[in-house]
Structure formats: structure tokens, C-alpha cells
Amino acid sequence: MKHVTTPAAMKFWMEGALALADVEHQGVRIDKTYLEGAITSTTKEINDAEAALRSDKDFKLWRRRFGEKTKPGSYDQLAAVVFRDLGVPSKKRTASGDRESAAAAAFEGLDIPLVKHFLTAAKLKKARDAYLVGIQREMVQHDDGLWYVHCSYNLNSVITFRSSCSNTNYQNNPKRNPKMMETVRKCYISRPGYRQGELDYGQIEVRIPCPYTFDPVLMAYVCDPTKDMHRDMAVQIFKLKPNQVSKALRNLVKADYVFATFYGSYYGLTAPALWEGVDNGNLTLEGSEKTVRQHLTDIGFTELGTIDDEKPEAGTWAAHVRGIDEDFWGKRFKVYAQWKRDWYEAYCRDGGFTMLTGFAVHAPLDKKQVCNSPVQGVAFHCLLWSLTKLVNRLRKYKMQSKVIGEVHDSINLDIHPAELDDVFDMATSIMTEEIKVWAPWLNVPLVCECESSPTDGSWFDVMGMAKRDGGYVPADPAKWQKRFGAWDGQLVTA
DNA sequence: TGAACGAGCCC
DNA sequence: GTACGCGCTCGTTCA
């Protein structure tokens with residue numbers, strides 16, 4: 001057998017399991033009073049949204065079709081009413097092809113109050129039932145009289161050798177939707193007198209491809225802090241000057257083009273996503289009132305173009321993005337593209353591959369999985385190695401700070417205020433320097449981003465920290481001041 | 001009662 | 001020649 005998991009990888013995995021057991025044992029403190037209030041108020045909002053749904057003029061069609069079986073939470077029923085009774089043309093079908101898709105994306109660009117009320121209620125129900133009620137079900141009282149959840153971290157359920165988390169899943173708490181994020185993350189609070197801390201591996205998903213591919217362009221992007229791949233791609237895709245790229249447009253390109261394309265997407269999916277994305281956020285050019293949509297019209301893009309087996313018609317947005325794809329893999333990241341071909345060919349020849357961390361894989365995978373899983377797996381292994389070191393070192397030095405969670409590329413802690421600088425220095429040393437001894441194959445630097453809440457803060461309250469004059473302070477002091485008042489440094493208030 | 005499915009949240 | 005990777009949890013539907 002050519003590919004065999006190394007004894008070192010086995011040992012690493014077992015030690016990681018022990019460290020995660022310690023994380024599970026610590027648990028995350030829950031604000032029980034806030035949680036109960038949030039469930040009550042969210043329930044009220046759900047009732048209001050469902051009342052609006054029931055009194056909508058189109059709801060009589062729903063009644064007529066489903067009668068006593070009417071369920072205002074049913075996506076099946078929503079699809080029937082909208083795409084049959086209202087005669088709205090559907091853009092896509094479900095995976096099985098059984099019916100029209102009723103996912104939120106299928107209604108983009110439509111202004112149907114019935115749908116708006118349904119989706120408002122659905123989002124609120126998600127927040128309440130999957131998150132708030134999930135936390136409530138799992139929380140337990142400790143001897144200190146306070147309430148905690150103890151999630152399970154699993155190392156045996158992910159084919160890429162990442163971790164997963166269940167009961168409840170700490171790894172998918174809302175972050176993008178501001179209201180949902182606030183509602184849910186305020187449940188997770190610090191132990192009395194502690195701070196919520198977060199240690200992120202910055203850009204790890206574009207750094208780990210470097211030791212596999214040695215792509216010089218990618219390596220230059222992650223080694224030079226003045227370079228910005230997402231901004232560059234926004235400039236190219238939207239034909240702008242760098243200073244016209246807003247943060248929101250950069251984020252759109254980052255999520256819906258760069259990452260999607262790295263993971264194996266293509267213009268057939270990314271072109272429509274960008275086309276609709278500029279309208280969803282009503283994006284404008286930086287320092288201007290002009291919308292990105294108007295800009296696209298001005299430079300001649302007035303049609304998305306069709307996505308089918310044929311090449312999209314010249315002059316359409318789809319044809320333009322197709323050209324971007326060709327440049328992306330054919331020129332900009334051509335070394336990465338060649339690695340993908342070589343790596344997949346070797347997998348087919350050998351019946352498997354071995355990750356940089358020594359994990360052998362023999363599973364039947366498609367090309368995307370073969371090329372993505374060694375990157376995602378190894379990115380997580382860097383996190384797990386660091387987490388294990390940190391857990392063991394905090395114990396060794398009898399420190400009071402505790403690791404309480406992990407989200408693939410970040411570590412969450414309850415940090416004792418007196419230990420704030422020490423924990424951040426220790427973590428930075430482990431995550432950026434000591435890791436190089438364990439991972440000598442790293443050919444680009446790894447970076448650690450430190451975040452903290454005020455003392456007694458919640459997960460909602462964490463903000464970026466920066467080291468100045470030997471100690472850590474808010475990276476954006478004005479923002480911190482506005483939200484929390486004076487920076488409380490390492491003052492011990494408990 | 002349980003499984004399949006569709007949906008939506010995370011990295 | 002190909003068409004976004006990996007999870008967990010929920011409600012609906014149906015056997």
C-alpha cells in the first residue's frame with residue numbers, strides 16, 4: 001500500500017481527542033435569563049410574521065389549495081402556491097427534481113409579500129428552534145449555580161479529517177445576519193469576571209494550498225500584506241480602479257467568486273451569483289453614489305446571458321465571467337491549476353493520497369474532493385495542533401483561562417483578564433512560530449488574529465485586538481470606546 | 001416511529 | 001471534460 005497513515009498522525013489525532021475532551025469538559029457558560037427572554041420575544045415575532053402571512057391577499061389561494069391541511073411553515077405548500085397558483089416561473093428545481101425549489105435564492109428579485117412574510121417567519125424559526133431552543137435543551141447547571149452547555153467535538157465523522165460538533169453545534173452559530181447573530185451569540189457569555197476570547201488563523205484556507213502547490217502568485221498574495229487578492233479580483237471582474245472597490249463589493253467577490261472558484265465552481269454558477277449579488281446589497285462604488293448595477297450598465301453589461309451547454313453569447317455577463325475563469329486558472333493561478341491536474345492523476349494512479357500531516361485517504365472521491373480535502377483537512381490539523389498545545393500549556397502553568405470551543409480555524413476561550421496578554425502571546429507563539437517545528441513543510445507564514453470581549457462580555461461582544469507597546473489593546477479604539485466605553489485592559493474586576 | 005427530503009446556518 | 005467542498009439540526013411528508 002503506497003498511502004498509509006503515519007504513526008505520528010495517529011498519535012496526533014489521539015492527543016487532539018484528549019484536548020477536545022478537556023474543551024468539552026469546560027463547557028460554555030449560557031445566560032439563562034437572556035436566553036429565556038430571547039425565546040419569548042422571538043416567538044412573538046414569529047407570531048406576528050405568521051399573522052401577516054395569514055392575512056396576505058394571496059393566502060386565500062393557499063387555503064383553497066390545502067384547506068384543513070394548510071401549514072404556514074411548509075416549503076412544499078409555498079412552492080405550490082407561488083409557482084402553480086400565482087403562476088410565477090421557477091428558476092430551478094430541488095436536487096431530486098420533484099418540485100420547484102423554494103429556497104430563498106429562488107425568490108430573489110421577486111417582490112411577493114406572501115413570500116416575504118413566509119421567509120421572515122422561517123428565519124426567525126431557524127433562530128429560535130435550531131439555536132435558542134437547542135441551547136436551552138442542552139444546558140446544565142454546574143455546582144457554581146450557573147448554566148453551561150457541553151457540546152460534543154467529533155473527530156470521526158468528517159471525510160476530510162476535519163472535526164464536527166453536535167449537541168449543540170457550536171460551529172454554525174449565526175454570524176452573517178446581524179440580527180440573528182446578535183440574538184444567538186448573546187446567549188454565550190463569559191464565566192464571571194472573564195472575557196470571551198477568540199484566536200483565528202487568518203486566511204488559512206488560502207495559505208495551506210501553498211505547501212501543496214508552490215503557486216508563486218498565491219504565495220506572493222499571502223506573504224505580502226500590501227497585496228489583496230479579493231480586491232484585485234474585484235478590479236478585474238468589475239473593471240474598476242482599486243480605490244473604487246468597497247468593502248461590501250470585495251466581500252461579494254471573495255465569497256461568491258474567489259472561494260467558490262478555488263473550491264471548484266465555475267462561471268455557470270458564479271456569474272449569476274455576482275449578477276444578483278450586486279443588487280441584493282444595493283452595492284455602490286466606493287466613495288460614490290453610483291450603484292454597481294449602473295456601472296455595469298454603463299460599461300455595456302445589460303444581460304446575464306444563458307447558462308446551458310452552449311458557450312454564453314458574447315457581450316453577456318456570463319461570457320465575461322467565463323473569460324475571468326480562463327484567466328484565473330490559465331494565467332493567474334496556473335501553477336495551482338497544474339497541481340490540481342497532477343494531484344488528481346496521482347490519486348487515480350495510486351488509489352489514494354497522503355495529506356501533508358500524514359493522514360492517508362483511500363476513499364472513492366471525485367476530483368473536487370480529491371483536491372479540496374487535503375487542504376481543508378490540513379488547515380484544521382494546524383488548528384488542532386495549536387489547540388492541543390494551548391490546552392496543555394494552560395494546564396501546565398495552572399492558568400485560569402480555559403479553551404471552551406473550536407470552529408475549524410479558530411479557538412474560543414474564557415480568558416481571565418489578568419492573563420489576557422499572556423494568553424494572546426502564548427497563542428501567537430504556538431500558532432505562528434512553534435507550529436513550524438511540527439509542520440516543517442509550511443512555505444508561507446501563518447498568522448493569528450486575536451479578539452476579546454470586555455470583562456463579563458458575550459460572544460457577540462468580541463472585537464479585534466492588536467499588540468501595541470508590549471500589550472494588547474483594541475485594534476479600533478474608537479469603535480471599542482463607542483460600544484463599551486473605556487478600554488479596561490487587564491483590570492481584574494471580579 | 002423513522003427515513004427521506006429540503007432548507008438554512010457555519011467554515 | 002467539468003460544473004462549490006465539508007458538516008448539524010430542524011420541520012414536513014410519507015410509509
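Chain letters run A, B, ... following the sequence lines, proteins first and then strands; every chain starts at 1.
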When you measure from the side chain of [X], which nucleotide among [options] comes out closest?
X         : options                 : value
Lys126(A) : dC9(B), dG6(B), dC6(C)  : dC9(B)
Arg99(A)  : dG7(C), dC4(C), dA7(B)  : dA7(B)
Gln376(A) : dA7(B), dC10(C), dC6(C) : dC6(C)
Asp129(A) : dC10(C), dG6(B), dG5(C) : dC10(C)
Tyr131(A) : dG6(B), dC4(C), dC9(B)  : dC9(B)

Problem set entry | More than 12 heavy atoms of other groups within 6.0 Å of Glu313(A) CD | no
Scan nucleotides 13-15 of chain C against the protein and return all N/O pairs shorter than 3.5 Å with their distances rounded to 0.1 Å.
| residue | atom | partner | partner atom | Å |
| --- | --- | --- | --- | --- |
| dT13(C) | OP1 | Ser74(A) | OG | 2.8 |

Sugar-phosphate only, base, or nothing, as touched by [X] at under 4.0 Å among non-hydrogen atoms:
X         : value
Ala122(A) : nothing
Ser157(A) : sugar-phosphate
Ala379(A) : nothing
Thr270(A) : nothing
Lys123(A) : sugar-phosphate

Exercise. Who passes salt bridge (Lys or Arg N to Asp or Glu O under 4.0 Å) against Asp98(A), sequence neighbours left out?
Worked result: none
Problem set entry | Spacing of Thr42(A) atom OG1 and Leu124(A) atom CG [to the nearest 0.5 Å] | 6.5 Å
Going by atom type alone, with no hydrogens or angles, which donor-acceptor pairs under 3.5 Å involve a side-chain atom of residues 266-273 of chain A and a protein atom two or more places apart or on another chain?
| residue | atom | partner | partner atom | Å |
| --- | --- | --- | --- | --- |
| Thr270(A) | OG1 | Tyr266(A) | O | 3.1 |

Exercise. With no angle test and no hydrogens, is the base of dC10(B) tied to the side chain of Arg176(A) by a donor-acceptor pair under 3.5 Å?
Worked result: no
side-chain contact (heavy atoms from CB on, under 4.5 Å) against [X], all qualifying residues, sequence neighbours excluded:
X         : result
Glu198(A) : Lys175(A), Asp200(A), Ser410(A), Asn412(A), Glu451(A), Trp459(A), Val462(A)
Asn47(A)  : Thr43(A)
Asp366(A) : Lys368(A), Gln369(A)

Exercise. If we only count heavy atoms from C-beta on, is the Trp438(A) to Thr357(A) side-chain gap below 4.5 Å?
Worked result: yes
Contact list for DNA chain B against [range] - heavy-atom distance below 4.0 Å:
range                       : value
residues 37-48 of chain A   : none
residues 165-175 of chain A : Gln171(A), Asn172(A), Asn173(A), Pro174(A), Lys175(A)
residues 312-341 of chain A : none
residues 249-266 of chain A : none

Problem set entry | Within the 6.0 Å centroid threshold, strictly below: Trp317(A) and Phe238(A) | yes
Exercise. Would the Phe328(A) and Phe333(A) ring centres measure less than 6.0 Å apart?
Worked result: yes
Could you list the donor-acceptor pairs under 3.5 angstrom formed by side chains in residues 205-213 of chain A, with sequence neighbours left out?
| residue | atom | partner | partner atom | Å |
| --- | --- | --- | --- | --- |
| Arg207(A) | NE | Gly202(A) | O | 3.2 |
| Arg207(A) | NH1 | Val222(A) | O | 3.2 |
| Arg207(A) | NH1 | Pro445(A) | O | 2.7 |
| Arg207(A) | NH2 | Gln203(A) | OE1 | 2.8 |
| Arg207(A) | NH2 | Val222(A) | O | 3.4 |
| Tyr212(A) | OH | Leu356(A) | N | 3.1 |
| Tyr212(A) | OH | Pro374(A) | O | 3.0 |
| Thr213(A) | OG1 | Pro209(A) | O | 3.0 |
| Thr213(A) | OG1 | Asp215(A) | N | 3.1 |

Problem set entry | All stems with DNA chain B, defined as three or more consecutive Watson-Crick or G-U pairs under 3.5 Å | B:1-9 with C:7-15
